[in-house]
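Reading through the structure tokens given below for one structure.
Proteins come first, then strands; the chains are lettered A, B, ... in the order of their sequence lines, and each starts at number 1.
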Amino acid sequence: MLELDPIFDAISEWLASFLPPVVVTIVKGFGTAGVVLGVLSLFVLFFIWMERKVSAHMQQRLGPMRTGWHGALQTVADAVKLIQKEDLVPSDADRAVYFWAPVVCFAAALMAYLVIPFGEGLIVQDLNIGILYVIAITTFTVVSLLMAGWGSNNKWALLGGMRSAAQIVSYEVPLSMSLIGTIMIAESLSMITIVESQSGPFWNWFVFRQPIGFIVYFIAATAEANRTPFDIPEAEQELVAGFNVEYSGMKFAMFFLAEFINMFTISALAVTLFFGGWMAPFPFLDFIPSWIWFLAKAFTSVFVLMWFRWTYPRIRVDQLMGFAWKFLLPLAFLNIILTGIGIYIF
Amino acid sequence: MMETKGLRTEEFMVNMGPQHPSTHGVCKLVLKMDGELVKEIQPHVGYLHRSIEKIAENRTYAQIVPFTDRIDYCASMNSNHAYVEAVERMAEVEVPERAQYLRVIMAELNRIASHLLWLATFTIDLGAVTPFLYAFREREEIMDMFEMTCGQRLTYNYMKIGGVNWDIPKEFVPKAKQFLKILPGKVDEYEDLLTNNPILLYRTKGIGVLSSEKAIEYSASGPSIRASGVRWDIRKAEPYAVYDKFDFNIPVRYNGDVWDRYKIRLDEMRESAKIVEQAIDGLPEGDIAKKVPMTWKPKEGEVFCRIEAPRGEMAYHIISDGTNKPYRVKIRTGSFCNLQLLPAIATNHLIADLVAIFGSLDIVLPEVDR
């Protein structure tokens with residue numbers, strides 16, 4: 001079969017045959033990190049191209065067409081350009097904070113992939129507090145954005161950083177609450193257990209048992225990832241570019257990569273928690289490898305996020321806060337209550 | 001402001017512009033901000049001053065026309081029209097009827113193009129990027145029509161004293177008719193995408209309210225004053241060219257907020273389409289220009305003439321001393337007066353609202369600075 005899990009097992013067995021256990025652990029650790037980083041970089045390259053193409057076709061344009069097949073190498077060209085760019089630091093910037101902001105942002109975005117199952121057995125580490133870990137680690141993004149805003153010593157950047165702090169902290173609450181219903185049904189915080197409790201045909205997926213939870217999660221997650229209509233921290237029409245206005249070259253590229261990785265994170269989480277993870281919609285379709293199912297679902301979700309972005313205007317900052325606290329949070333609580341009643345009855 | 005013990009807050013100044021994505025050109029707004037709240041706005045203009053009024057004193061009457069193109073580059077036909085209308089009125093030049101009709105057709109098509117451009121940039125100000133290209137798709141058709149008539153897509157130099165420079169080619173009428181047939185449907189499409197969108201509604205309703213008294217006080221004009229409940233349109237109030245021969249409405253709305261300024265321009269596009277349709281159907285045969293000699297000298301005199309440009313009144317005050325060059329040309333533009341409204345209606349709004357209000361006033365900076 002085309003399952004990837006046995007390949008990784010075989011590699012680690014082969015390593016264990018001639019290396020001491022400590023070295024095997026270290027090699028495995030770096031190896032997996034490298035694989036995850038490589039795979040994500042490839043995805044991000046693809047997503048940037050996809051975003052361009054999706055936006056172009058929604059706007060009746062063609063998008064990039066000249067670099068490679070239908071502009072497929074456009075992102076590579078851009079990456080090369082960004083690497084060559086001069087790395088400017090504003091004269092009065094807080095240099096340490098300014099330097100570490102993109103690193104923290106990128107690292108926080110990457111660390112979520114410790115617990116995301118790409119397929120059956122394709123998980124770096126199945127923590128028994130998986131969901132809690134993801135929620136905690138993705139919040140680090142806000143620290144980096146605030147660092148970027150403060151360190152740049154630019155008023156627009158500071159406004160953007162402040163906005164992102166307010167926004168992400170607010171949306172963190174309904175986001176966490178929306179997942180509680182899922183956890184109650186699955187009776188576990190582990191990603192693997194949650195996916196396995198959704199096995200069977202597609203109506204066993206949690207999206208059909210937790211529709212309110214899913215809607216709240218998806219809206220709050222869109223806001224967490226700073227995607228339109230909630231992209232107020234980098235609203236270019238208001239704040240020029242928001243927190244990253246002073247960044248250039250690879251530092252800017254790191255923010256950019258982190259944004260797309262975050263977009264894939266929320267899609268991957270949505271798939272894991274609500275759409276049955278790597279499960280096929282019908283058991284007889286199991287002959288297709290699980291990681292293909294996972295990626296197909298996650299990419300569809302990414303497409304929906306792009307669809308949002310190219311359709312909606314941007315919401316205003318006070319409306320954004322009101323929406324989180326007055327609408328999403330009560331809805332999430334209602335969902336918890338309904339789930340509790342449901343579990344009690346059935 | 002919220003009083004917080006132990007925490008010190010202060011207002012800060014921000015330069016919005018001259019390089020900023022949503023100042024629509026080179027305008028600088030000095031803002032005094034309390035967090036996100038804009039407490040004070042001071043527009044600084046003059047970055048695009050090209051002293052067209054002074055240059056005009058050293059050019060013959062005919063040579064001034066290309067300069068008028070550059071005053072409002074989004075609606076060059078209307079700028080042309082204002083100038084030639086003023087000179088003709090001063091020197092009492094008879095203009096052939098076909099030329100008058102062609103001027104109206106071009107001016108109204110340009111008004112549609114200008115409003116489409118406004119719609120495109122306004123939606124970008126609100127963060128929606130896609131309608132931009134939808135509006136540009138239709139604007140492109142109008143640009144094509146202008147190109148086939150006068151060879152230019154932005155600065156047309158189409159009208160001259162005594163008529164127009166070129167007759168329309170034979171492909172123009174079918175293309176224009178085809179365009180007018182699809183335009184109302186396309187405007188409906190924009191409305192589908194935007195008008196019924198709750199985010200747009202929340203962003204625009206009740207924002208930047210301009211009362212009718214204040215609008216008159218600040219001598220606002222164009223869609224901005226009509227959205228505040230004042231029925232003021234030069235095409236009806238002081239008909240020029242052949243506007244009195246057409247049947248059209250002046251859309252008026254009464255709340256004076258960003259939403260009304262948005263809706264009124266969509267309505268105006270539909271009305272302009274009606275005018276063009278009637279003008280094309282009634283287009284008379286005949287000359288397109290009256291011969292005016294190269295060394296033309298109007299008699300001594302003075303005129304103040306205004307027309308309805310897409311961004312409000314565009315007026316020329318021309319004084320002639322009997323030579324072939326004007327003694328003085330004074331240009332009054334709608335954008336300049338409307339820009340003064342910004343501090344009056346956008347103070348104490350959030351910065352996102354300021355962008356929306358600035359967009360809704362439809363300022364073109366070359367028109368402000370001349």
Using a 6.0 Å cut-off, check whether atom [atom1] of [X] has over 12 heavy atoms from anything other than its own residue.
X	atom1	answer
A:Phe140	CZ	no
A:Tyr312	OH	no
A:Trp49	CH2	yes

Shortest non-hydrogen separation from B:Val14 to A:Trp156 and the atoms involved: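 Closest approach of B:Val14 to A:Trp156, heavy atoms only: CG1-CZ2, 3.1 Å.
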Applying side-chain contact (heavy atoms from CB on, under 4.5 Å) to A:Arg314 and B:Arg203, what does each step give before you reach the verdict? CA-CA 8 Å; A:Arg314 181 182 307 113; B:Arg203 282 295 303 274; 4.2 Å; yes
What distance do B:Asn197 atom CG and A:Thr311 atom OG1 have between them, rounded to the nearest 0.5 Å?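 Those atoms lie 9.0 Å apart.
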If you round to the nearest 0.5 Å, how far is CE of B:Met33 from NZ of A:Lys155?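 Those atoms lie 10.0 Å apart.
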Using a 4.5 Å heavy-atom cutoff, which residues in residues 184-192 of chain B come close to chain A?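 None at all.
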So which pairs with a foot in residues 86-98 of chain A pass salt bridge (charged side-chain N to carboxylate O under 4.0 Å, His left out), sequence neighbours left out?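 Listed by first then second residue: A:Asp87-A:Lys251.
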Would you mind checking which part of B:Leu37 comes under 4.5 Å of any heavy atom in chain A, side chain (CB onward), backbone (N, CA, C, O), both or neither?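 Interface part for B:Leu37: neither.
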B:Tyr202 portion near chain A, given a 4.5 angstrom heavy-atom threshold: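 For B:Tyr202, backbone and side chain are both near chain A.
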Just list the side-chain donor-acceptor pairs under 3.5 Å for residues 126-135 of chain B, sequence neighbours left out, or say none.
| residue | atom | partner | partner atom | Å |
| --- | --- | --- | --- | --- |
| B:Thr130 | OG1 | A:Gln59 | NE2 | 3.4 |
| B:Thr130 | OG1 | A:Trp310 | O | 2.4 |
| B:Tyr134 | OH | A:Met58 | O | 3.3 |

Going by residue number, which parts of residues 315-324 of chain A are within reach of chain B, meaning a heavy-atom gap below 4.5 Å?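 Those residues of residues 315-324 of chain A which have a heavy atom under 4.5 Å from chain B are A:Ile315, A:Arg316, A:Val317, A:Asp318, A:Gln319.
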With respect to chain A, which residue among B:Leu200, B:Leu354, B:Asp353, B:Leu193 yields the maximal number of heavy-atom pairs within a distance under 4.5 Å?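 Ranked by contacts with chain A, first place is B:Asp353.
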Leading residue by heavy atom contact count with chain A [cutoff under 4.5 Å; candidates B:Pro198, B:Ala352, B:Gly359, B:Ala356]: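 Result: the option with the highest number of such pairs is B:Ala352.
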